[in-house]
Number of protein chains: 2
Amino acid sequence: MNIEPLVNYIKQYIDLTPDEINILSGLVKYRKYLKGQFVVQQGDICRYENFVVKGCLKTFHVDQEGQQHIVMFAIENWWAADLGSFITQSPADYNVQCLEPTELIQFSHRNLEQLYRHVPKLERFFRIIIQKAYVASEKRVIRNFSLTAKERYLAFREQYPKIEQRVPQYMVASYLGITKEFLSKIRAQLISE
Amino acid sequence: MNIEPLVNYIKQYIDLTPDEINILSGLVKYRKYLKGQFVVQQGDICRYENFVVKGCLKTFHVDQEGQQHIVMFAIENWWAADLGSFITQSPADYNVQCLEPTELIQFSHRNLEQLYRHVPKLERFFRIIIQKAYVASEKRVIRNFSLTAKERYLAFREQYPKIEQRVPQYMVASYLGITKEFLSKIRAQLISE
DNA sequence: TCCAGATATTAATCTAATTCAACCTATTTT
DNA sequence: AAAATAGGTTGAATTAGATTAATATCTGGA
């Protein structure tokens, strides 16, 4: 169980004493997944908030017509979960699936509440993390409205170059909210410019 | 200064002692705005996180082409700010403007940090609030991808009936990411059905 | 009461993006 | 080596929604 990446990540935002690190490491699970495995499935309750130690995941929603919409990707030092489901312990709207062999540090709902009690500083940590996620999500809403598909693709490439290299193109298209064919055309056009 | 609505709102999530309420009320400002006034302007630093006691506001972004995109509306018992700007105390991407005479309870960045120190429970409160906001924002991203403009309008009407009655139709269109003309067409179509 | 500005509708034309269908690689599987 | 599978490209037809422009309606002052 390699908890170090998580500790380093947390230390960017708050200090942790060795004692607190011990409490933390006693309240999380370390788990490995194979490529293709589901960490959360739409309709199930999301049991864990997951910190990615290694690997790559996609969070996606399947709509009434059976179409897949990717909400986000997660790689090393990111988080993956259906947070809405996790918070309220109600059925998930999203699936979280491994695109590579993946290792996660998992916080169960109950243990996270315990953790808040024993290390209240972590309440602050998670507030800060979620604030950042929220701000990013709002920016995405605006970008989707004010930019063309091509501009959105360029912004994605700029912002997440590491992800573009790790996931197939049709998933990038799904993340951008366009068809794979149209992304292919955009790319062809960019090359010929 | 009418702090009661805020206290009642907070008490939905955490308990507050009379002492804590006192500390709180000592660290917030109460301010009235006229219709049309700006609470935050794009480019300025967002000084306050604002709780709406009375009134109605819009948060919007003006893009390079000068087009206005409404990110959210806020009415009684909601929050209004450019949270990204507030958190990092950097220039705002959004404007927050009053659509009616409005009364706000304002948390300055510095006072909020003090408040966290004196009443650590509030760290928990704001974490919960922001979690909810984040989940709502993600849902909006998905809805924008998987629903047609008509479906999005119907969802908006369902979810925020009070807001639809209070703001002009062209602002609803902006919130939905469509033109006012197209919204008008959708409405005509819905009536004739 | 009437005017001016703000808001809403309608219709014609235009365009970004989708759909569908065929085809083209690579890479695994048998 | 053949066949199956996953990923990517290309082109023609279609559509959701934008743009433009003209007209209509509503509203709150002087």
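Chain letters run A, B, ... following the sequence lines, proteins first and then strands; every chain starts at 1. Computation of the quantities below employed the complete heavy-atom set of this structure, encompassing side-chain atoms and omitting hydrogens, waters and symmetry-equivalent molecules.
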Would you tell me if any nitrogen or oxygen in the side chain of [X] comes within less than 4.0 Å of OP1 or OP2 on [N]?
X         : N       : result
Thr179(A) : dA17(C) : no
Arg152(B) : dG17(D) : yes
Gln169(A) : dT9(D)  : yes

> Hey, which of these two, Lys185(B) or Met171(B), hits DNA chain C nearer its 5' end, going by closest nucleotide?
Replying inline: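 Its nearest nucleotide lies further toward 5', so the answer is Met171(B).
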Atom [atom1] of [X] to atom [atom2] of [N]: distance rounded to whole Å?
X         : N       : atom1 : atom2 : value
Glu151(B) : dA16(D) : CD    : P     : 11 Å
Lys180(A) : dC24(C) : NZ    : C1'   : 14 Å
Leu99(A)  : dA6(D)  : CG    : C1'   : 14 Å
Phe182(A) : dT18(C) : CZ    : P     : 6 Å
Gln68(A)  : dA6(D)  : CD    : C1'   : 14 Å
Glu181(A) : dT14(D) : CD    : P     : 17 Å
Glu65(A)  : dA16(D) : CD    : P     : 12 Å
Gln189(B) : dG17(D) : CD    : P     : 10 Å

> Nearest of dG8(D), dA17(C), dT7(C) to any side-chain atom of Pro168(B)?
Replying inline: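 So the side chain of Pro168(B) is nearest to dT7(C).
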> Only one of Tyr48(B), Tyr30(B), Phe126(B) clears ring pair (Phe, Tyr, Trp, His ring centres under 6.0 Å) with Phe107(B); which?
Replying inline: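 Only match with Phe107(B) under ring pair (Phe, Tyr, Trp, His ring centres under 6.0 Å): Phe126(B).
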> Can Lys11(A) and Glu20(A) be said to form a salt bridge (charged side-chain N to carboxylate O under 4.0 Å, His left out), step by step?
Replying inline: CA-CA 12 Å; Lys11(A) 282 185 171 168; Glu20(A) 289 167 339; over 6 Å; no
> Do the rings of Tyr13(A) and Tyr9(A) sit parallel, tilted or perpendicular, given the 30° and 60° boundaries?
Replying inline: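 Perpendicular: the ring planes of Tyr13(A) and Tyr9(A) meet at over 60°.
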>> Determine whether Glu158(A) and Arg143(A) satisfy the following criterion, salt bridge (charged side-chain N to carboxylate O under 4.0 Å, His left out), listing intermediate values before the conclusion.
In response: CA-CA 14 Å; Glu158(A) 186 113 345; Arg143(A) 264 208 307 266; over 6 Å; no
